[in-house]
Amino acid sequence: MSLSDHPKAYGTAALVVAFATGVLVTLGFKDLYPDLERRFQRREGRSVRRRSSFFWGDPVKLEDYDPQPAPPTCGATVSDGVESSIGNTPLIRIHSLSEATGRTILAKAEFLNGAGNSPKDRVALSIITEAEKQGLLTPHQGDTIYEGTVGSTGISLATLARAKGYKAHICMPDDQALEKSELLHHLGATVERVAVAPITSPDHYVNLARRRAAEHARLAADGSKGFFADQFESSANWHAHLSTTGPEIFSQTQGELDAFVAGAGTGGTISGVARHLKLEAKMASLRVVLADPQGSGLYNKIKHGVMYSSTEREGTRRRQQVDSIVEGIGVNRVTENLEAGRDLIDDAIKVTDEQACRMARWLVENDGLFVGSSSAVNCVAAVAAAMTLPEGSRVATMLCDSGTRHLSKFWKRIKEMGLEETEATDLFQELGIQRSQ
């Protein structure tokens with residue numbers, strides 16, 4: 001029987017011939033039109049060597065093709081001014097502390113805030129913004145911001161004052177590291193270093209700043225205003241951490257956090273973060289722990305309800321920085337900022353100067369982190385708090401500023417202790433903390 005006598009066989013043969021023809025035409029297409037291929041690849045920004053097909057020459061090698069990823073970008077948009085570099089700091093895992101404790105120790109890298117390089121950037125911006133809303137500050141009219149500070153808040157205020165059209169006048173104790181006041185001078189601020197005095201004295205650095213602000217209008221006589229930032233009592237302080245630092249920590253940990261540890265100078269950080277995490281984010285099981293340096297009375301206030309430091313008589317209510325080498329945290333009074341979150345603080349841990357020095361050196365040796373005294377106190381307390389929690393727990397704390405602001409005092413002490421000549425190998429032995437508490 002011939003093929004023409006069998007319609008079904010004829011149809012099948014025709015289909016086979018058509019399919020084969022299509023395959024051959026397809027494979028040879030790009031060899032017949034090489035110029036089209038080159039144009040297409042130039043348009044796509046690719047430089048790929050054209051391969052011949054097996055129809056016309058060498059066999060085609062079939063390969064998986066993964067398109068090149070787009071180059072990383074530093075930001076989707078251009079940010080506006082130095083204030084846009086404040087906040088959204090990384091939350092980093094401190095490897096050495098996490099491995100030693102069997103708990104994850106996380107630290108908010110606040111020294112990466114872009115104005116004054118500390119968490120006080122958040123506070124300074126919040127205070128200035130609120131003052132502008134209330135008409136207490138008007139930019140480019142000669143208005144001056146006055147503040148009493150041990151350094152970091154003043155640096156943040158001086159930086160933002162220049163950026164936003166103000167002058168800055170900073171009063172600070174004369175026992176603080178010299179590099180802080182030198183930096184303030186370079187930032188264009190007026191700096192008054194005054195003798196250490198009790199908070200009850202009119203010559204205490206905070207009271208002096210308040211008085212300078214009140215006298216401004218009379219002495220300047222040019223219609224400009226003097227504004228006292230009042231970081232210790234201004235609610236704009238803890239609100240800054242309620243609205244930024246707390247939400248950032250919650251987002252970065254995805255709400256999986258067992259403890260938050262921080263020191264208190266003004267008290268704004270620990271109160272603002274605690275209020276967000278415990279009240280707004282409803283992390284009821286979270287433990288909030290105060291890290292307190294020697295010479296401060298807050299440890300006893302949290303633990304026993306009595307403001308008392310062993311270096312002072314009960315009721316004196318004064319803070320002599322010579323009691324501790326630590327700067328920026330520790331105080332012997334309850335500020336309005338601390339009061340805003342005091343009932344949310346579950347525990348307190350006392351940290352000695354020696355422990356802080358040893359921790360600072362440990363972080364350099366093991367993690368490449370060069371931090372200041374308050375950050376070291378926070379990390380000691382974070383380790384101690386972690387050891388009261390089950391293995392695998394997560395603890396977050398704050399890295400406040402760089403050690404470069406503490407060279408002439410804190411890091412000088414570390415050198416004098418001989419800690420830079422030896423390398424510690426046991427964290428718990430170094431800090432005098434028990435492995436299980």
Side-chain angles (χ1 to χ4, degrees), residues 81-83 115-116 120-176 178 180-240 265-268 317-321 328 331 333 335-337 339:
V82 69
E83 57 265 38
K120 296 303 184 181
D121 280 1
R122 302 175 188 264
V123 174
L125 182 59
S126 178
I127 289 174
I128 292 174
T129 301
E130 185 61 28
E132 289 174 335
K133 289 179 181 178
Q134 296 180 23
L136 301 176
L137 282 172
T138 305
H140 308 295
Q141 300 294 320
D143 291 359
T144 300
I145 301 170
Y146 293 83
E147 182 58 300
T149 168
V150 297
S152 290
T153 304
I155 293 167
S156 295
L157 283 170
T159 304
L160 289 170
R162 284 296 179 182
K164 297 176 75 66
Y166 304 107
K167 299 177 182 178
H169 186 121
I170 306 301
C171 301
M172 63 188 305
D174 61 6
D175 64 346
Q176 300 303 288
L178 285 172
K180 292 183 179 181
S181 55
E182 286 299 310
L183 177 55
L184 284 166
H185 281 299
H186 289 305
L187 289 171
T190 299
V191 182
E192 284 190 78
R193 290 178 67 97
V194 300
V196 175
I199 187 62
T200 53
S201 168
D203 295 322
H204 183 274
Y205 63 97
V206 173
N207 296 331
L208 178 62
R210 181 186 289 107
R211 188 165 71 250
R212 293 281 189 259
E215 296 170 344
H216 175 93
R218 177 176 59 84
L219 296 177
D222 59 1
S224 63
K225 300 184 289 292
F227 170 71
F228 176 49
D230 200 14
Q231 60 164 328
F232 286 90
E233 312 302 333
S234 171
S235 62
N237 184 336
W238 67 264
H239 273 285
T266 64
R317 303 295 176 91
R318 86 183 207 186
R319 165 68 165 158
Q320 295 279 14
Q321 278 286 357
V331 69
R333 59 191 176 96
T335 65
E336 289 296 325
N337 280 282
E339 191 62 42

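No hydrogens, no waters, no symmetry mates; every other heavy atom, side chains included, goes into these values. Along the sequence shown, residues carry numbers from 1.
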Any side-chain heavy-atom pair from [X] and [Y] closer than 4.5 angstrom?
X: K120; Y: T266; answer: yes
X: F227; Y: T138; answer: no
X: N207; Y: S201; answer: no
X: I145; Y: L137; answer: yes
X: K164; Y: P139; answer: no
X: Y205; Y: V150; answer: yes
X: I128; Y: L157; answer: yes

* To do: Applying side-chain contact (heavy atoms from CB on, under 4.5 Å), run through V194 and D203 and close with a yes or a no.
  => CA-CA 8 Å; V194 300; D203 295 322; over 6 Å; no

* To do: Could I get the full list of side-chain contact (heavy atoms from CB on, under 4.5 Å) partners for S234, not counting sequence neighbours?
  => I127, A236

* Sequence neighbours left out, what passes ring-ring contact (aromatic ring centres under 6.0 Å, His included) with H216? Give chain and number order. =>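 Here the qualifying residues are Y146.
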
Mind listing the closest non-hydrogen atom pair of [X] and [Y] along with its distance?
X: G116; Y: S156; value: CA-OG, 3.9 Å
X: T129; Y: L125; value: OG1-O, 2.7 Å
X: A124; Y: L160; value: CB-CD1, 3.8 Å

* Asked: Can you list the residues that meet the salt bridge (Lys or Arg N to Asp or Glu O under 4.0 Å) rule with K225, with sequence neighbours excluded?
  -> D143

* Residues forming a salt bridge (Lys or Arg N to Asp or Glu O under 4.0 Å) with D174, sequence neighbours excluded -> none

Could you state the interatomic distance from [atom1] ([X]) to [atom2] ([Y]), rounded to the nearest 0.5 Å?
X: E233; Y: R210; atom1: CD; atom2: CZ; result: 7.5 Å
X: E336; Y: D230; atom1: CD; atom2: CG; result: 9.5 Å
X: R162; Y: K167; atom1: CZ; atom2: NZ; result: 8.0 Å
X: E130; Y: Q134; atom1: CD; atom2: CD; result: 4.5 Å
X: M172; Y: I155; atom1: CE; atom2: CD1; result: 7.5 Å

* Scan side-chain atoms only and decide if Q231 and T153 contain a donor-acceptor pair under the 3.5 Å cut-off. => yes

* Modelled atom types, side-chain donor and acceptor of D222 and S224, under 3.5 Å ->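 Note: D222 and S224 side chains meet the donor-acceptor criterion.
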
* **E132: partners by side-chain hydrogen bond (donor to acceptor under 3.5 Å, both in side chains), with sequence neighbours left out** =>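 By the side-chain hydrogen bond (donor to acceptor under 3.5 Å, both in side chains) rule, E132 matches Y166.
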
What side-chain donor-acceptor pairs closer than 3.5 Å can you find for residues 180-191, not counting sequence neighbours?
from: K180; atom 1: NZ; to: E327; atom 2: OE1; distance (Å): 2.7
from: S181; atom 1: OG; to: L178; atom 2: O; distance (Å): 3.0
from: S181; atom 1: OG; to: R193; atom 2: NH1; distance (Å): 3.0

